[in-house]
> 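Below: one structure in structure tokens.
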Amino acid sequence: MTSYELIDTVQELKKLYLIQKEELGLRLPAALTQIQQDAFNAFNQLGIPTTKAENYRYTDLKPSFSKIYKTALSSQEIQIEEDALFNCDVPNLDTQVEFILNGRYVARQLDLTVLPSGVVYGSLLNAWSEFPELVGKYFAKAADYKDDGLVALNTALALDGFFLFVPKNRQIKDTIQLITMLDHTDNLAVNTRNLIILEDNASAHILVCDHTFGESHFLSNSITEIFAGENASFHLTKMQNANNHSTCLDGNFIYQQANSQVIANAISLHGGLIRNHFHVKLDGEGANNITSGLYLTDRNQQITNHTLIEHLKPHCMSSQLFKGVLDDEAIGAFNGKIHVHPDAQKTEAYQVNRTILLSDTAKMNTKPMLEIYADDVKCSHGATIGQLDDEALFYLQSRGISKKEARLMLMYAFMDEVVSTIQIPGLKERVEELVSKRLRGELSRCNHCDFKCH
Amino acid sequence: MNQYKEELNPETNQDQLLQEMTQSDYKYGFVTDIESDTIEKGLSEETVRLISGKKNEPAWMLEFRLKAYRHWLTLPLPTWPHLTIPEIDYQDIIYYSAPKQKKSLSSLDEVDPELLDTFNKLGIPLDEQKLLTGVAVDAVMDSVSVKTTFKKNLADLGIIFCSFSEAVQEYPDLVKKYMGTVVPYRDNYYAALNSAVFSDGSFVYIPKGVRCPMELSTYFRINAANTGQFERTLIVADDNAYVSYLEGCTAPMRDENQLHAAIVEIIAMDHASVKYSTVQNWYPGDKEGKGGIYNFVTKRGMCKGVHSKISWTQVETGSAVTWKYPSCILRGDHSVGEFYSVAVTNNYQQADTGSKMIHIGKNTKSTIVSKGISAGRSQNSYRGLVRVARNADNARNFSQCDSLLLGDKCGAHTFPYLEVDNQSAIVEHEATTSKIGEDQIFYCNQRGISTEDAIGLIVNGYAKEVLNQLPMEFAVEAQKLLQISLEGSVG
Amino acid sequence: MLKIVNLKAAINGKEILKGLNLEVKPGEVHAIMGPNGSGKSTLAAVLAGREIFEVTEGQIMFEGKDLTTLSPEDRAREGIFLGFQYPIEIPGVSMNNFMKTAVNEVRKYRGLTPLTAGEFLKMMREKKELVEIDSKLTNRSVNEGFSGGEKKKNEIFQMAMLEPKLAILDETDSGLDIDALRIVANGVNKLKSSENAVIVITHYQRLLDYIVPDFVHVLYNGQIVRSAGKELAYELEEKGYDWIKKEVDQLEAN
């Protein structure tokens, strides 16, 4: 992998590492500083991935890393007044709301909450100091920083983010809503790191809402590591709604043990450049993963969904479904791979990507891949790029429905399959509404937040 | 042995098949003992000049070769295929070897009997009397064309079918006009190498409005040791012309690997149609993966004219390593590209093969059907690109890429790239991976069919869609080949 | 109500309708029969405004308006209903949402207020009974996974919901067993009044036992070559189309 030299951002980020090391080094756990040092060395080797790297073939990060960003170091002195400042468009759910602002966990009461049941949640940085062994056991174990420059960068620089630990046999019933915000008067680069650990038989649901405020250019490079123990169940839904100057690089690394189930969705409504990466390791018999994505991309927006689903053990099931609509000058990419390792017999793995192009200037690149080293498997993938079905359009019109409305109905119907994979009660309906608004062009921003996405 | 004729008798056919199932795996592995005119190992500008000199080529041809050679020196080896290839020492290869014959052959009687015998043994009789009517053959051994049959009959129609070397001498204007226009020497590593050192190959020109009445066929044979084969084929079908072209290839069994890097260029003008079929059966190496041919081939067709059509069909059973992507550039409006492929890998064979369909003209259409079959410890990859350019309105592509796995030590992979830059395009890709059902085999067993035969039957059924695209004579050959290639794959 | 004069229509430059004339008055039932490829389905599609067909000549007047200038949806809102020969499956669009949108758009066009949720559900229930369609079907996506018979019933159900002035039923009887045929025909008959009209396109006389036509037309080679009362259908059933073809071809030869 070759790297771009002399990009201000990269130099700034490297400097940031050194400053951070000097200022905070002694206060951070030794295990963390060691990993950061290793990751920094790896980043020096790897650099920012270019389009020459197969995994970034369709995602040009150069423009995003060619801007000058301020970087957030110390905690921001911004007080969160939950109701006044921010009212996300997905509430009305029984959710436990948590905030991440510019890469730092923002406490309303405690930086780290330890419930009597043994559930721990709050700031990752605080978790490092209070539970160094627990965090050290999992941190950077799913997200390998040795072969991807963005992971290395995040691992070297990220200090904080959301931490969740659910011990054996515990279920968190309410959905945790994690609102991650970027807010600054200057252009800002942020590395956020989340760590989610579910022990055997544990379960939890998280809804992540990514938002930007104001019109600054943001570069967000975030990584979430998720560990699902035996028979654990985890549900992740991401709602991405960022301004058109923002770059959201979002890596999700999911490690699943026997009979665990993880369902993950990325609903990409808005953003300048979004790259979602899902790396799933099914490392126990009977593990089950459903990963899906929906993208509504227009103007000059770019969206990439990148997946790698690794079947390491027999009898696992995975299913991927990514669908989207591209309009105007939008560029979309899907780059997905099912990798069935030797001995992962009786694997079932499916992958589908379907895209509708609405304009002559929109462009879609799709690369659905299968790499299979076991023979007793059922694997398939399918990809289509096309338009709305003419016949269906005529059928609707022949019943008196206007062409515009008919198109919306068909687009909505096209998306429905993905929205249906959301199984959090109440959330599915809210997402349906948001998608519908977005299709009608009514969601240029969330109702109550004052950033503009134009 | 005239195997083509025997095919027509179903009973003999079956007996022969059974016999072959139980005998040696690669029946083309013999070596012909013939004196050769062979140059020293190694590659330099001097080698390029030497080859050009031996062929008595005009200056423009040498110039082309030298440019290609100089460009090749600047290129890195491609590393993107899903292949593990030991480093190739390009200085340890002989770049020119020609079986010695009497000068200026004017009739068949003058072809060296050793050579005639060799091609007879391969089932390719060069005697026009014995040939299956309807197939004209250009036989190439090592670096040179040995004999082209039916040349005169074809010439009566204005069709040119001769060796590439002959075309350079006799039809320099045609060669100059078209060579390198579809596969420029800068195209890739092996194309540059071929452009520098290519030795021979076939040249076909079908004039306007002519429908070639017989199948044209080139048979490639590597005989000499340590020799690389670099042939080059150029097929031009002028307006409203039609031709069906077949290619076959074999090599002796040797412990060391041998390199084969070929180029095929096809040009189809307005309403022209070219069908190109390959049965590739280079020596695949032994059961331990020792020896075999490295088959690095650049095949590409240009649908230059409106309503033109190029159709590739390939049955790939041989070679230790195959790297090959027969492609179509659909430049003419309403042009059509097709790719039908069966690729079988067994033992330690590796194949990375597929197709590229580049839609440029309006209302263009392409179809890709790829059937991969992996057995033993082999790795079999489909790699394909479908690109719809911005102005290629109403482009249509359908790709179906299936993999069949026999055994749990092999791999089957699919790497399709779909790049669509036009709203009116419809591009669809489907792929499945599966194994032969135990219930299917049991069903056959219960009807008295052995497991090996059952697999043969099932595999042939699986590949039928592609085999159906082959001309009759080849289809039978290909079916047998599939079965033989998979011998010993079930244990 | 409908007056077609010298209608010519083509697809991809190929002329299918070659000067067709037809007049339909309120209260009438017309049957259009004819051999395969004569242009029956093209006529239905052209009337409904399928854009792949190009009207090259002639006039289609409906209630005094020139239909050819209207979009498919406006034709539907004017009161033209096409029962599709092959109803389209639309995964992800629920029947409920589909019908509600359609009914209210049509009402809006006619200057009526949209139905409330309650009114709409009541209407759905009534019409479902009318055409004996299973409630389960209307809870699914439009035509998705419906059997052939269910799809045809669904067409008649939609016709009942939209209350058209002119219904064109394109081979609604194909693929139906005798029970389904009866239900479909009953539905059509119940919806019939002196205000509206029906054009039935069919191959077989069978359907016409249930939906009795006032006129039977034979469409051949893009033109209506014969019109008569319902007895013509029996004659066709008995003798096939060849005698008409021969007659017409002879006439043309002369």
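Below, read A as the first sequence line, B as the second, and so on, with proteins coming before strands; counting in each chain starts at 1.
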> Output the option from Ala76(C), Ser71(C), Pro72(C) having the highest count of non-hydrogen pairs under 4.5 Å with chain A.
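Most pairs with chain A among the choices: Pro72(C).
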> Look at Ser141(C), Ala102(C), Pro87(C), Pro164(C) and state which one has the largest set of heavy-atom pairs under 4.5 Å with chain A.
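Counting heavy-atom pairs under 4.5 Å, the top option is Ala102(C).
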> Would Glu78(C) and Glu63(C) count as a side-chain contact (heavy atoms from CB on, under 4.5 Å) here? Give the steps.
CA-CA 9 Å; Glu78(C) 285 289 342; Glu63(C) 306 256 280; 5.5 Å; no
> So that I can tick it off, tell me whether Arg430(A) and Glu433(A) are bridged by a salt bridge, with the cut-off set at under 4.0 angstrom between side-chain N and carboxylate O.
yes
> Taking only residues two or more places apart in sequence or in another chain, which ones pass side-chain contact (heavy atoms from CB on, under 4.5 Å) with Thr42(C)?
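Only Ile16(C), Leu17(C), Val46(C), Phe53(C) meet the side-chain contact (heavy atoms from CB on, under 4.5 Å) criterion with Thr42(C).
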> Could Lys238(A) and Asp250(A) be called an ion pair, given the rule that one side-chain N must be under 4.0 Å from one carboxylate O?
yes
> Is there any residue in residues 346-354 of chain A with a non-hydrogen atom under 4.5 Å from a non-hydrogen atom of chain C, and which ones are they?
none
> Could you walk me through whether Asn252(A) and His277(A) pass side-chain contact (heavy atoms from CB on, under 4.5 Å), step by step?
CA-CA 6 Å; Asn252(A) 299 280; His277(A) 174 59; over 6 Å; no
> In terms of heavy-atom proximity below 4.5 Å to chain C, should Glu405(A) be classed as side chain, backbone, both, or neither?
side chain
> Strictly below 4.0 Å, N to O, side chains only: are Glu73(C) and Arg399(A) in salt-bridge contact?
no
> Using 4.0 Å as the upper bound for N to carboxylate O, is an ion pair formed by Glu417(A) and Lys323(A)?
yes
> Between Arg75(C) and chain A, which part of the residue has a heavy atom less than 4.5 Å away: side chain, backbone, both or neither?
neither
